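Worth knowing before you read on, the calculation uses all heavy atoms, side chains too, and leaves out hydrogens, waters and symmetry mates. Numbers restart at 1 for each chain; the letters A, B, ... are given by sequence-line order, proteins then strands. Computed from a predicted structure; not experimentally measured.
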Number of protein chains: 2
Amino acid sequence: MKIGELAKRLDISTDTLRYYEKHGLLSFSERNESGYRIYSPKHEKQMQFILRAKTVGFSLKEIQELLAIKVEKQQHSCGEVKQLTLQKRQIVRDKIAELQRFEKSLSLLADACCGGPELATGCSILTTLEAADDIVI
Amino acid sequence: MKIGELAKRLDISTDTLRYYEKHGLLSFSERNESGYRIYSPKHEKQMQFILRAKTVGFSLKEIQELLAIKVEKQQHSCGEVKQLTLQKRQIVRDKIAELQRFEKSLSLLADACCGGPELATGCSILTTLEAADDIVI
DNA sequence: GTTGACCTTTGAGTTTACTCAAAGGTTTAT
DNA sequence: ATAAACCTTTGAGTAAACTCAAAGGTCAAC
Ligand SMILES: [Zn+2]
Ligand SMILES: [Zn+2]
Ligand SMILES: [Zn+2]
Ligand SMILES: [Zn+2]
């Protein structure tokens, strides 16, 4: 299978496949006489792992760590894998918490503003952001 | 007030102040005979607006729009300001939703893994990410 | 036998918000 | 007078994950 076909099957671009190879995520493939990459089902499986890991929120760097464990399963423990997963979850939770603070502040701002066609001179959103005391957060 | 003093008062770096000026967020200041930037309380107020807007989640680009409205309040309506705020809130909500999907998937993965010192050969996290059918999401 | 759809590589651009370095001019303190 | 602590500009680097362009080789079809 050449790169175009694999890309179509995975619904990603050929650029992405070359990018993953270059960055150590996708194993090198064989090349035919013309230098074209020739992929096997093993490569497709590996890509599915990568894409599934992305789906659950892992970054490419984190996926690299998972892959490193995966190819040397004998050298690693369940605990290591779980730790990576829990670490990631904590990062995600922290981001959620920050965004929820944003959401709350923005809601407070929006609720206090009439949103009408009046001039923005007295807009409570602007005046709140100007205000010296932090009402917002 | 020179740049170092303003930076200290705002607890940001002088680089950041120059960066904001260069990118159209902070108004140009006067310069003294030596070419040093000299800031007035007006500039400090403006920076406080910017920093407060950042605190509630606005990006620098969005803050530019807010500032554009703010300096020409007569030309703009409350509705415009509220719309920017609601737009931002929607972006934030979408991001939260995505992260919550991540959080759920990661929790499912973590809960299914024993996390012990066993070899990772049978780790359910790895096998789930390998699996052909999408149990995860 | 040439068009068009593939494939190759290298290198640069995108986004966001800074951060740092280099090379130099100015002010303040001793 | 000289060292330390400021200030200036320009330009480059960072993270993350691609994405695109240029310039060219390969292959199948008509
Ligand atoms: Zn109003
Ligand atoms: Zn308003
Ligand atoms: Zn286990
Ligand atoms: Zn496990």
Side-chain angles (χ1 to χ4, degrees), chain A residues 1-26 28-40 43 46-47 49-67 87-88 91-92 94-95 98-99 102, chain B residues 1-26 28-40 43 46-47 49-67 87-88 91-92 94-95 98-99 102:
Chain A
M1 170 165 42
K2 280 181 285 184
I3 197 167
E5 192 188 338
L6 181 57
K8 192 166 289 176
R9 288 167 68 99
L10 296 167
D11 197 27
I12 60 178
S13 74
T14 57
D15 275 332
T16 299
L17 283 169
R18 290 191 204 97
Y19 178 85
Y20 285 1
E21 176 190 302
K22 190 175 180 182
H23 290 76
L25 289 151
L26 180 56
F28 290 107
S29 66
E30 311 236 341
R31 301 290 185 115
N32 69 10
E33 326 78 48
S34 320
Y36 290 15
R37 289 169 179 81
I38 300 298
Y39 292 108
S40 69
H43 289 101
Q46 195 179 7
M47 277 306 305
F49 180 92
I50 294 169
L51 296 176
R52 210 165 285 120
K54 261 172 61 82
T55 306
V56 304
F58 285 111
S59 69
L60 297 190
K61 201 180 167 197
E62 290 154 348
I63 294 173
Q64 271 184 15
E65 300 186 62
L66 288 175
L67 285 168
Q87 264 174 21
K88 181 63 188 186
I91 292 170
V92 168
D94 292 347
K95 279 192 202 158
E98 184 184 27
L99 289 173
F102 288 168
Chain B
M1 172 163 44
K2 280 182 285 187
I3 196 168
E5 192 188 338
L6 181 57
K8 193 167 289 178
R9 288 166 67 99
L10 296 168
D11 196 27
I12 59 178
S13 74
T14 57
D15 275 331
T16 300
L17 283 168
R18 292 192 202 96
Y19 178 86
Y20 285 0
E21 175 191 301
K22 189 175 180 183
H23 290 76
L25 288 151
L26 179 57
F28 290 106
S29 67
E30 311 237 339
R31 301 289 184 115
N32 70 9
E33 327 79 46
S34 319
Y36 289 15
R37 289 168 180 82
I38 301 299
Y39 291 108
S40 69
H43 289 100
Q46 198 180 4
M47 276 307 304
F49 180 92
I50 293 169
L51 296 177
R52 209 165 284 118
K54 259 172 61 81
T55 306
V56 303
F58 285 111
S59 69
L60 297 189
K61 200 180 169 198
E62 290 155 348
I63 294 173
Q64 271 185 14
E65 298 185 65
L66 288 174
L67 285 167
Q87 264 174 21
K88 181 64 189 184
I91 291 170
V92 169
D94 292 346
K95 278 190 202 161
E98 185 184 25
L99 289 173
F102 289 168

Spacing between B:L10 atom CG and C:dA17 atom C1', to the nearest angstrom
17 Å
Closest-nucleotide ordering on DNA chain D, the 5'-leading residue of A:Y36 and B:K2:
B:K2
When A:N32 and B:G35 are each assigned the nearest nucleotide of DNA chain D, the 5'-most assignment goes to B:G35
Atom CD1 of B:I3 to atom P of C:dT19: distance rounded to whole Å?
14 Å
Sidechain-backbone polar pair: A:E98 side chain, B:G57 backbone, donor-acceptor under 3.5 Å
no
At under 4.0 Å, does any side-chain N or O of B:R31 touch on OP1 or OP2 of D:dT9?
yes
Heavy-atom nearest nucleotide on DNA chain C for A:R18 versus B:E33: which residue maps closer to 5'?
A:R18
Checking A:F58 now: which residues fulfil ring pair (Phe, Tyr, Trp, His ring centres under 6.0 Å) with it, not counting sequence neighbours?
none
CZ/A:R31 to CZ/A:R37 distance, rounded to the nearest 0.5 angstrom?
4.0 Å
Could you check how far CG of B:D15 sits from C1' of C:dT16, rounded to whole Å?
16 Å
Would you indicate which nucleotide in C:dT8, D:dC7, C:dT19 comes nearest to any side-chain atom of B:T16?
C:dT19
Five-pair end axes of the helix from C:dG1-D:dC30 to C:dT30-D:dA1, angle between them (10°)
30°
Whole angstrom value for the distance that separates P of D:dA17 from CZ of A:F58:
13 Å
What is the distance, rounded to the nearest whole Å, between atom CG of A:L60 and atom C1' of D:dT19?
14 Å
Rounded distance (nearest 0.5 Å) linking atom CD of B:E5 with atom CZ of B:R9
6.0 Å
Would one find a side-chain N or O of B:R37 under 4.0 angstrom from OP1 or OP2 of D:dC6?
no
Counting any heavy atom closer than 4.0 Å, what does B:K54 reach on the DNA or RNA strands: base, sugar-phosphate only, or nothing?
sugar-phosphate
Whole-Å distance separating the CD atom of A:E62 from the P atom of D:dA17:
8 Å
According to a strict under-4.0 Å criterion, is A:Y20 in side-chain N/O contact with OP1 or OP2 of D:dC18?
yes
How long is the straight-line distance from CG of A:L10 back to CG of A:L51, given to the nearest 0.5 Å?
6.0 Å
Could you state the atom-to-atom distance from NE2 of A:H23 to C1' of D:dA15 in whole Å?
12 Å
Is a side-chain N or O of A:Q64 found less than 3.5 angstrom from the main chain of A:H23, in a donor-acceptor match?
yes
Separation of A:Y19 atom OH from C:dG13 atom P, in whole Å?
17 Å
Verify the contact: side-chain N or O of A:S34 to OP1 or OP2 of D:dC27, cut-off strictly under 4.0 Å; return yes or no.
yes
Using a 6.0 Å cut-off, check whether atom CG of A:N32 has over 12 heavy atoms from anything other than its own residue.
yes
